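First up is the structure itself, then whatever we jot down about it.
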Amino acid sequence: MGLKQILISLPRIIFFLACIFLSFLQTTLVSAERETYIVHMDKSFKPESHPTHHHWYSSIVDSLNNGNDPSSSSLLYTYDNAIHGFSARLSPEEVENLKKSPGFVSAYRDRAVEAHTTHSTDFLSLNPTTGLWPASDYGEDIIIGVIDSGVWPESKSFKDHGMTNKIPAKWKGTCEEAGQEFDSSMCNFKLIGARYFNKGAAADPNITISMNSARDTYGHGTHTASTAAGNYVEDVSYFGYAKGTARGVAPRSRVAIYKVLWDKGAGANSDILAGIDQALADGVDVISISISINYKGMPPPLHEDPIAQASFSAMQKGVFFSSSAGNDGPHLGTVKNDVPWVLTVAAGAMDRSYGGTLILGNGQTLVGWTHFPANAIVENLTLIYNKNFSSCSSTKLLLDFSPQGIIICDETWPVIDQIQQVTAAQLPGAIFVSNSSVQLFELGKISCPGVVISPKDGYPVIEYAQSSEKPLVSIKFQQTFLGTQPAPVASNYSSRGPSLKIPNILKPDLMAPGTRILAAYVPTSPAGFIGSKVGLSSNYDLQSGTSMACPHAAGVAAMLKSVHPEWSPAAIRSAMMTTANPLDNTQNPIRDNGNRLEFASPLAIGSGHIDPNRALDPGLVYDATPQDYVNLLCSMNFTKNHILAITRTEAYNCSNPSSGLNYPSFIALYNGQTISSTQKFDRIVTNVGDGAATYKASVIAPAGSEVVVSPDSLVFGKKYEKQRYSLTIKYGSNKQGKESFGEIV
Ligand SMILES: *[C@@H]1O[C@H](CO)[C@@H](O)[C@H](O)[C@H]1NC(C)=O
Ligand SMILES: *[C@@H]1O[C@H](CO)[C@@H](O)[C@H](O)[C@H]1NC(C)=O
Ligand SMILES: *[C@@H]1O[C@H](CO)[C@@H](O)[C@H](O)[C@H]1NC(C)=O
Ligand SMILES: *[C@@H]1O[C@H](CO)[C@@H](O)[C@H](O)[C@H]1NC(C)=O
Ligand SMILES: *[C@@H]1O[C@H](CO)[C@@H](O)[C@H](O)[C@H]1NC(C)=O
Ligand SMILES: *[C@@H]1O[C@H](CO)[C@@H](O)[C@H](O)[C@H]1NC(C)=O
Ligand SMILES: *[C@@H]1O[C@H](CO)[C@@H](O)[C@H](O)[C@H]1NC(C)=O
């Protein structure tokens, strides 16, 4: 018999922690007697006697308790760019008094938020010779503001080699001087700004602030920022997996960091609003925000959603706003950040997978999934299949059994639990046979030397272990496989439409890579585990979530904005949506991990997978102005003040309410009882191609419906000319109440 040993080479050991599975963040806020409120004000009411709005808001807050209370109400932030108003610690009585102040628009309680690479640029076909990278100079003149958990400034992804010193003149931001373990010398021509916002978090007993500066100790912000615009870093990997050169989608764009999430990714709305407010004042071109507001597990109503409100201001100022769809899939109606003036990004998996190779003593080899974060050497160990312990469901049984070799765990018990039991029993290794591994592949980490294989592959292995006299197995870890098919695939966790807030606008808008993305990470938070106690640090980590998809889209938007500075945020979004690819790498419609690999519906993937090079030249765009969005809000059941809280100014009015927004997608909602009904959509397209062009419509109608496009041909004489068309959808009975979908090209 050959070698019999397990060698584990340990990278830096930094922590002793329990075995965890990476998942999503959920936090809630404490309710104290005095609570933080976000208050919208109408600035036109500001008396002349107050030199600034800040002065005015301070005097209002000071006046609220008539000086009766020594632990008096306090102003946290004044806002002027994202919304007009302020946040303050107020008692219920003070809020009632506030409502009587002239200029009061609305107020709501601060709430908790939810935070939700490097092959991805290849997978997106970005390349130095043609397309969006060279056309945009890799996004060099663009500033991306990342609202997240801060940045690890020493990360190589934020070094400025290759960056010019021509920071755009409009930049007014700064690298904040006074912060824990952070000073302005840490910024450079890549990382041009770093600020932090903690007043809301500090007022919340449930949020801990252990690093009081823009420095990231959580990892999420470093990961998202480097995904959007990280510099080139050679030879990175996640413990040997996904080896290669790291770079962001827009590797020459500048990054400005706004830290609003604190320990464990917890944060407060008032801080998020302050971060966006500052980013808009500083002059960013694109905002990337992988955070959503948690409101009893549901998206908050519009008038209590600061991200929805602040993003309206961003849109008005021409700042592109990329946001994550949320990680609450695959149930319908779970999409977050679903307002029509932002880009809402769903997540999918790429054509890259990680794993291990099994070599059986009989010469058979097969491939399974693993990320075990070390170079474990398993060579010619005994392969053990014992029916009594095959479920690997109990640490105690496994310890009693104490197998001297590699144990096979069959699919009679949930694999995630099996991995924990095998880890706790500190077995030399295991082969897990699982027929339900989607969640593991998408989100799991593995902390024991093990490989997960399918039942189809598993039966021959069990057969071999049972029939051979001396069954042996070798396992090679740290393997990366490219060209996985089908890809992309919609991720199970990615939140699904329709929007419950504004159901007649289809959300999410498109899908971008979000599963198993390698990007920069913080060395202070473990990126992997060996056994149940040993945490390992890594400067690059594989993470999954719509949080990872959003900065991909932000990077693409940055480069589109660089090439087409005259395009509005709506035009940029339209270019990305109408050129998104609905097909996978087998040339079939994209499939859905959340629905047994059936074809994915637009409620999961929007218009399809983002295709940066094609977005460069979309031909036609569906544009929209701020007033168009206001007209939509006016057609809904909002009060005047709810609308004013979003628009901030009376300059927009409700004289022309319209539920028909000029959006690059269509959704018709009807109840299952309807026998036959018709819905008409009017659209205006702008020719952004060079010169004259004729477009003919071709339609694939959703099952059970008829679609008529009129006129079915549009003739443009010159660039920027606009033409109208209408699309009428007539649907019959659909008793199952299932969604169906089609396309217009
Ligand atoms: C494992 O055993 C096989 C068959 O005996 C042998 O050919 C092979 O070299 C061994 N591998 C190692 C790494 O010892
Ligand atoms: C704050 O945290 C404590 C402990 O986890 C929890 O019991 C409490 O409900 C939280 N408060 C709020 C308002 O969520
Ligand atoms: C399985 O368990 C039974 C009952 O405890 C025992 O008799 C048998 O020997 C065990 N089989 C193996 C292969 O360990
Ligand atoms: C997986 O296998 C178990 C045990 O054979 C079975 O009960 C279960 O239905 C299977 N699940 C799927 C999704 O096929
Ligand atoms: C998808 O996610 C849901 C919710 O977390 C989970 O219940 C379900 O098992 C997952 N589906 C698959 C195929 O993993
Ligand atoms: C519209 O809002 C009013 C006042 O809030 C409410 O009474 C009414 O039920 C709402 N109507 C619909 C259709 O939601
Ligand atoms: C409403 O807005 C439109 C377009 O800006 C403007 O022409 C009209 O005068 C406004 N109406 C009122 C009542 O302010």
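Nothing fancy with the numbering, it's 1 onward along the sequence. Keep in mind that this is a model prediction, so the values were computed, not measured. Values below: every heavy atom of this structure, side chains too, minus hydrogens, waters and symmetry copies. Each ligand, and each atom within it, is numbered from 1 in the order the structure gives.
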Is a side-chain donor-acceptor pair under 3.5 Å present for [Y] with [X]?
X: N492; Y: E442; result: no
X: D148; Y: Y218; result: no
X: N327; Y: T546; result: yes

In the protein, what heavy atom is nearest to [atom], and what distance, to one decimal place, separates them?
atom: atom 2 (O) of ligand 5; result: N492 ND2, 2.4 Å
atom: atom 14 (O) of ligand 5; result: V438 CB, 3.4 Å
atom: atom 5 (O) of ligand 5; result: Q439 NE2, 3.3 Å

Within ligand 5, which atoms have a heavy atom of P330 less than 4.0 Å away?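 Contacts of ligand 5 toward P330, numbered from 1: 1 (C), 2 (O), 3 (C).
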Report yes if N593 has an N/O atom closer than 3.5 Å to an N/O atom of ligand 5; otherwise report no.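 It does not: no N or O of N593 is found under 3.5 Å from an N or O of ligand 5.
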Would you say atom 7 (O) of ligand 5 touches the protein, meaning some protein heavy atom is under 4.0 Å from it?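 Under the 4.0 Å cut-off, atom 7 (O) of ligand 5 has no protein heavy-atom neighbours at all.
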Looking at CD1 of I287 and CD1 of I276, how far apart are the two atoms once the value is rounded to the nearest 0.5 Å?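 It is 6.0 Å, given to the nearest 0.5 Å.
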Any chance the rings of F123 and H609 have centres within less than 6.0 Å?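 Yes, they do, as the ring centres are separated by less than 6.0 Å.
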